[in-house]
Number of protein chains: 2
Amino acid sequence: MQESTRKVPKPTPERLATYLAALNDLIEREVHTIASRDIEKLTGINAAQFRKDLSYFGEFGRPGIGYDVQGLRDTIARILKVKEEQPVVLVGAGNLGTALLRYPGLMLQNFRIVAVFDNNYNKIGRRIADLEIQDIANLAEANKTHRARIGIITVPAPAAQDVANRLIDSGISAILNFAPTSLKVPSGVVVRNVDFVKELAVLAFHLSEESALS
Amino acid sequence: MQESTRKVPKPTPERLATYLAALNDLIEREVHTIASRDIEKLTGINAAQFRKDLSYFGEFGRPGIGYDVQGLRDTIARILKVKEEQPVVLVGAGNLGTALLRYPGLMLQNFRIVAVFDNNYNKIGRRIADLEIQDIANLAEANKTHRARIGIITVPAPAAQDVANRLIDSGISAILNFAPTSLKVPSGVVVRNVDFVKELAVLAFHLSEESALS
DNA sequence: TAGATTGTTAATCGATTAACAATC
DNA sequence: TAGATTGTTAATCGATTAACAATC
């Protein structure tokens, strides 16, 4: 057995999220039991890797049998802290922010955007998907009631650091940053960056050299 | 010296894209020469890492001096194949697709979305940011003229595999997939996945256990 | 020459996976 | 019992980084 949650490799939580999605599918297909080998077929992640990832958190399978699908789903949801709905605040009501607000996939995984903020007075007061855009100056006050701990930044790069500071001041300790800037945050605050353009650059790198001709 | 491009570690191209962005900033600030140690300060990436990443492609610095900012920028742009404009096609003219079409950051890094496709007859013929939404059935035909090799998928998950197949049939060999599905593609085709919800799940995992109370 | 910084070697670190005793 | 599959050990693999001779 493992002494609580020690030394979880960095890629493990992301793989857990992959397993969770696969298990949700299996539940819909009314599959009740699954072996690590089947998870490998479904996700492409090595069966030993799957078992090792789980081993950091406990023992959830039965030798010779496999895993109970529903039970494992609940376990992983608990580990990832998405068993109960996670409130999220979003700053930046532009095209991307709007797209995220309207994205149905968030709800399916128990995330709910509970408030939207912007600093543009032409936008403040408008509604997007049931939420009224609030003045960014209200952030700290508003989050006293929402108590969200996750924030999403979809503002232009030059504004991102200021927004991050405000989020942290409002009790946010996990930030999903879509601005192409690296944020400086105190320890205890986690940041994940999503950078489309960087992804495109990596893809361009992998293009073969020749095929440009013809 | 290195025998051309052999055994580049997987994380290297992504770091190259980070260096490129930093160098672009330095050019704007009219800095002419830079040492690996300064790159570390700017990007947070270890100086030895930076030098090693470059070493897979050649020797670009001068001992005792550092690197020529403009020259290194051009070199990295060439390595990433973003020296000339890269045409990109996008499939899925929903909220997210629209946001990407309007995103100014793409152009700045030499990517240009040259065509948009959808299968919804209510959308086909409309315009988003100067582009007319085309019938997905036109994809192969249209790309005979555009010759894009990179495609972006912003359709709902159940449609993503079909779209990927069509993209590949149209000569696309690099795909940026925003649908939360793992695509099956032939070897020679590269896929990068962007999954917001997975990112949020990783953030939720890192939330401290206690602070839910009060 | 003295000081600075590269490119690369070699040591370290961390993550993946094959193999297998334990267990159902 | 025989067959299947777990959880974990140990081997392998790959990536990071400190250290330093070579170079400006």
Side-chain angles (χ1 to χ4, degrees), chain A residues 1-19 22-23 26 31-73 75-76 79 202 205, chain B residues 1-19 22-23 26 31-73 75-76 79 202 205:
Chain A
M1 187 182 287
Q2 198 75 15
E3 195 201 289
S4 84
T5 308
R6 246 180 341 102
K7 253 201 4 158
V8 177
K10 282 217 213 80
T12 292
E14 194 164 341
R15 283 194 297 262
L16 289 175
T18 303
Y19 307 144
L23 291 164
L26 289 170
V31 177
H32 295 284
T33 302
I34 191 104
S36 59
R37 196 60 228 278
D38 301 319
I39 294 284
E40 174 165 352
K41 279 193 208 113
L42 249 51
T43 63
I45 298 168
N46 177 285
Q49 181 72 270
F50 168 75
R51 298 198 301 275
K52 190 143 236 281
D53 282 335
L54 292 178
S55 75
Y56 298 110
F57 306 98
E59 306 189 357
F60 308 109
R62 295 178 57 191
I65 311 288
Y67 301 80
D68 177 70
V69 172
Q70 180 70 56
L72 187 58
R73 204 277 303 255
T75 297
I76 294 180
I79 294 169
V202 175
F205 171 81
Chain B
M1 186 181 288
Q2 199 74 16
E3 194 201 289
S4 83
T5 308
R6 242 175 349 98
K7 255 200 6 157
V8 177
K10 281 216 214 80
T12 293
E14 193 163 342
R15 284 194 298 263
L16 289 175
T18 304
Y19 307 142
L23 291 164
L26 288 170
V31 178
H32 295 283
T33 302
I34 191 105
S36 60
R37 195 60 227 279
D38 301 319
I39 293 284
E40 173 165 353
K41 280 192 208 114
L42 248 51
T43 64
I45 298 168
N46 177 286
Q49 182 72 269
F50 168 76
R51 299 198 300 275
K52 189 142 236 280
D53 283 334
L54 292 179
S55 75
Y56 298 109
F57 306 98
E59 306 190 357
F60 309 109
R62 294 178 57 189
I65 310 289
Y67 301 81
D68 176 70
V69 172
Q70 180 69 57
L72 187 58
R73 204 277 301 257
T75 297
I76 294 181
I79 294 169
V202 174
F205 171 81

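Every chain is numbered from 1 and lettered A, B, ... according to where its sequence line falls, protein lines coming before strand lines. These figures come from a predicted structure and were not determined experimentally.
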Nucleotide by nucleotide, nucleotides 17-24 of chain D touches protein heavy atoms under 4.0 Å in the pattern (B base, S sugar-phosphate only, - none) BBB---BB
Test item: [X] and [Y] side chains (from C-beta on) under 4.5 Å apart, heavy atoms:
X       : Y       : result
B/Leu42 : B/Leu26 : yes
A/Tyr67 : A/Leu54 : yes
A/Phe50 : A/Thr43 : no

Atom pair [atom1] ([X]) and [atom2] ([Y]), whose distance is rounded to the nearest 0.5 Å:
X       : Y       : atom1 : atom2 : value
A/Thr18 : A/Leu23 : OG1   : CG    : 10.5 Å
A/Phe60 : A/Arg51 : CZ    : CZ    : 15.0 Å
A/Ile45 : A/Lys52 : CD1   : NZ    : 15.5 Å
A/Ile79 : A/Thr75 : CD1   : OG1   : 6.5 Å
A/Gln70 : A/Arg73 : CD    : CZ    : 5.0 Å

Whole angstrom is fine here: how far is it from [atom1] in [X] over to [atom2] in [N]?
X       : N      : atom1 : atom2 : value
B/Glu40 : C/dT6  : CD    : P     : 11 Å
B/Phe57 : C/dG7  : CZ    : C1'   : 15 Å
A/Arg37 : D/dG3  : CZ    : C1'   : 17 Å
A/Leu72 : D/dT5  : CG    : P     : 16 Å
B/Asp53 : D/dG14 : CG    : P     : 17 Å
A/Phe50 : D/dT8  : CZ    : P     : 14 Å
B/Lys7  : D/dC13 : NZ    : P     : 11 Å
A/Tyr67 : D/dT5  : OH    : C1'   : 8 Å

With the side chain of B/Ala35 defined as its heavy atoms from C-beta on, choose the nearest nucleotide among D/dT16, D/dT8, C/dT5.
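Of all the options, the side chain of B/Ala35 is nearest to C/dT5.
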Below the 4.0 Å mark, does D/dT6 have OP1 or OP2 next to a side-chain nitrogen or oxygen of A/Ser36?
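So the side chain of A/Ser36 is within the cut-off, an N or O lying under 4.0 Å from OP1 or OP2 of D/dT6.
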Which residues satisfy the side-chain contact (heavy atoms from CB on, under 4.5 Å) test with B/Asp53, sequence neighbours excluded?
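Per chain and number, B/Asp53 pairs via side-chain contact (heavy atoms from CB on, under 4.5 Å) with B/Thr12, B/Arg15, B/Tyr19, B/Gln49, B/Tyr56.
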Intra- and inter-strand pairing of DNA chain D, written as dot-bracket with Watson-Crick and G-U pairs under 3.5 Å and | for the latter, reads ..||||||||||||||||||||||
How is A/Phe60 classified with respect to the nucleic acid when contacts are heavy atoms under 4.0 Å: base, sugar-phosphate, or nothing?
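The answer is sugar-phosphate, as A/Phe60 gets under 4.0 Å only of primed atoms, P, OP1 or OP2.
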Name the nucleic acid region contacted by A/Thr12, choosing base, sugar-phosphate or nothing; use a 4.0 angstrom heavy-atom cut-off, strictly under.
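Since no nucleic acid heavy atom lies under 4.0 Å of A/Thr12, the category is nothing.
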